[in-house]
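Reminder, nothing fancy here: chain letters follow the sequence lines and each chain counts from 1. Just so we're clear, the structure is a prediction, and the values are computed from it rather than from any experiment.
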Amino acid sequence: MNLVMVVRIAVKALGRNPTRSVLSCIGIGVGIAAVIMAMAIGEGSKAMMVKEISSMGNNLMMVFPERNRRGAVSSGMGQGQTMTAGDAEAVKHELAHIVQGVSPSVRSTVQMMYGSKNWSGNVQGASTDILTISNWEIAEGRFWTENEERASSRVCVVGKTVVDNLFGGDDTPVGKTIRLRGMTYKVIGVLCPKGANNWGQDQDDVIMAPYTSVQRYLNRSKFNNINMMNVSLVSMDDVEEARREITALLRQRHHLADYQDDDFETRDTTEIMATIGSVAGIMTIVLTIFAAISLIVGGIGIMNIMLVSVTERIKEIGLRMAIGATPATILSQFVLEAIFLATAGGAFGVALGVAGARTVGAVMGWPILIGVGSTAIAFLFSSFVGMFFGFYPAYRASKLNPIDCLRYE
Amino acid sequence: MAHLIEIRDMYKIYAIGDEPVHALDGVSLAVDDGEFLAIMGASGSGKSTMLNILGCLDTPTRGSYLLDGIEVASRTRTELARIRNQKLGFVFQSFNLLSRTTALEQVELPDLYMGRLSHSARRRRAMELLERVGLKGRESHTPAQLSGGQQQRVAIARALMNNPPVLFADEPTGNLDTKSSVEIMNIFTELSNEGITIVMVTHEDDIAAYAKRHIVMRDGHVMVDDKADGGRRKTTDEVSRLVKEALS
């Protein structure tokens, strides 16, 4: 027996029933296509999430005050009272070699009112650095100045969603006065829209004001504490050094003894990215598992076809054995037939999967990432499926007795 | 002198229900090189079982079978496949051609399993064999495009592909009209004259008449054997008399 001969025999045998061959190819093809589409969508979403995280801010590191704890109850991040705007100033000026900008963040929940309209949301108290830290751009008007910040001026800039809801179809909101907690605030600028981030949060539903003014007029706080600070680093390569230096600086400023724990926490976008990445990874795995199930169904389809084929071609098997096919030859012929079917189906599936993923991406507007490696693996896997599911029918065929086959009616 | 085929005290017992059926009940038979043997008998007489065992398609329950001096009764399935491939040719009642496969490819098949010839030599030999059975010009026809007689001629060419010393034919004319039957039997006669050993099962007296030796079986036994009669063709009447003799 010689493999080339068996390959020829198997190919010829498949060619004798093209309809059945094509139909069983489609089964496995759909399975492979599903795998490729699942991976393309999963990987695409992951890539997009990572991109969006980096668009959240340039080399962003966030520092939160310690959570208030009363026994086992935590009051949530940023609710501690241990961090002040002075800390932010110190970080900015003393660590200038690694820090690009620092913006203290003070939040206040408000009902915004303009004329008869109102809209609720969080006023973000920030410093002028927030513009570069968070990649905001001004569409209209201007941002506040450092002088206005020092003077706790009641000025604000608003995002597109706030403009739409509070000002409706009116002309520019710049220069208009709105009311926040009974205080009048002057709108001095409109932010360029960023759109929704990929967990669906509308980034344009935002109103920002100098943190000094939020502390003084909206929170009516006598203290200088802040909810958190956003720190943008010169380079993300410095993230560990920055964490160390910020920690050292804040521990010193907070007069913490060696035995005391930090009363603040740092977070950076690499951590968030890792979390998002693992979420997206799980999504890819789940999608791929479902797709793999369809591939197994395709494989069972091939097994089914091959079993039917063995029964239907039992006289052919008998004849082949009568003229000299050994059990091993029959086994190889049927396994090869299954592998060819599955591989042809795999090639078809790769084409279908790539086309399908692109179409879904275009129609649904989903990000799509077709990996060459994963596509190659899916394709090779189809041959494996053929071999695995083709073996049992082929084994059965090879165990048949020539005379029983020839006599079979 | 060693016989080409020699079976001794051969049994083939089928368990059908509780009752064991002796398809072969202690048969002994020797066939020499160049003989043209017809195995006759009613259905259930054991003639097909005999042919299947002689053709290494089936294995006996008990007994010895020497083919060309080699004991084959105890061979593995793979070894039997090689023996069938190289030493035996088969012609069946229902032709057993592969569907949607050209005559040329059908004839080439035994050598594909043997792998003896190069691609071009195999093609050449298959063409020669098709020409020899009178199918020149029909090499690319599939079974659906051939008459019964032509299909059986393709089957004969296929059986001859690996140059086997023995040809087994199981009711080769059973599915053919009279004219095609005569054509097929003339080919067998020619082959026999060229020295190929032929063992043929038939229940038709006029077909058996082409053979030079006749045995008639009944209930798993050889009842009549005209080997002593000089090894010559007989008339249909002579064959009919042999069959009657076996039944009496």
Quick check: do P18(A) and R100(B) have side-chain heavy atoms less than 4.5 Å from each other? yes

With rounding to the nearest 0.5 angstrom, report the CZ to NZ distance, F92(B) to K315(A). 9.5 Å

Gap separating the CE atom of M321(A) from the CG atom of L57(B), nearest 0.5 angstrom: 10.5 Å

V22(A): side-chain contact (heavy atoms from CB on, under 4.5 Å) partners, not counting sequence neighbours: I26(A)

Between M161(B), R122(B), E79(B), the one whose heavy-atom pairs under 4.5 Å with chain A are most numerous: R122(B)

Less than 4.5 Å apart, side chain to side chain, heavy atoms only: is that true for F90(B) and L406(A)? no

Region of R313(A) that comes under 4.5 Å of a non-hydrogen atom in chain B: neither

Among N17(A), L319(A), D404(A), single out the residue with the greatest number of heavy-atom pairs under 4.5 Å to chain B. L319(A)

What residues of residues 68-75 of chain B sit under 4.5 Å from chain A when you count only heavy atoms? none

Looking at every heavy atom in both A81(B) and A325(A), which two are closest together, and how far apart are they? CB-O, 3.6 Å

Close side-chain approach of R77(B) to N401(A), heavy-atom, < 4.5 Å: yes

I want to check something: taking the side chain as every heavy atom from C-beta on, are K12(A) and L98(B) in contact at a cut-off of under 4.5 Å? no

Quick one: what part of Q86(B) sits under 4.5 Å from any heavy atom of chain A, side chain, backbone, both or neither? neither

Show me the pairs that pass side chain to side chain donor-acceptor pair (under 3.5 Å) and involve residues 26-39 of chain A, at least two apart or across chains. none

Could you tell me whether a side-chain N or O of N85(B) sits under 3.5 Å from a main-chain N or O of I323(A), the two making a donor and an acceptor? yes

In residues 41-52 of chain B, which residues are in contact with chain A at a heavy-atom separation under 4.5 Å? N52(B)

Could you check if a side-chain atom of I9(A) sits within less than 4.5 angstrom of a side-chain atom of Y113(B), using non-hydrogen atoms only? yes

When you measure from the side chain of R16(A) to the backbone of T101(B), do you find a donor-acceptor pair of N or O atoms at a distance under 3.5 Å? no

Check the surroundings of atom CD in E19(B): do more than 12 heavy atoms from other residues, nucleotides or ligands lie under 6.0 Å from it? no

In terms of heavy-atom contacts, does CZ of F290(A) have more than 12 from other residues, nucleotides or ligands at under 6.0 Å? no

Pick whichever of G324(A), C405(A), A13(A), P402(A) has the most heavy-atom pairs under 4.5 Å with chain B. G324(A)

OH of Y11(B): more than 12 outside heavy atoms within 6.0 angstrom? yes

Which atoms of T59(B) approach chain A - backbone, side chain, both or neither, heavy atom under 4.5 Å: neither

Cut-off 4.5 Å, heavy atoms of chain A, and the answer for F168(B) is neither

Decide yes or no for E105(B) and R8(A): does some side-chain heavy atom of the first lie under 4.5 Å from some side-chain heavy atom of the second? no

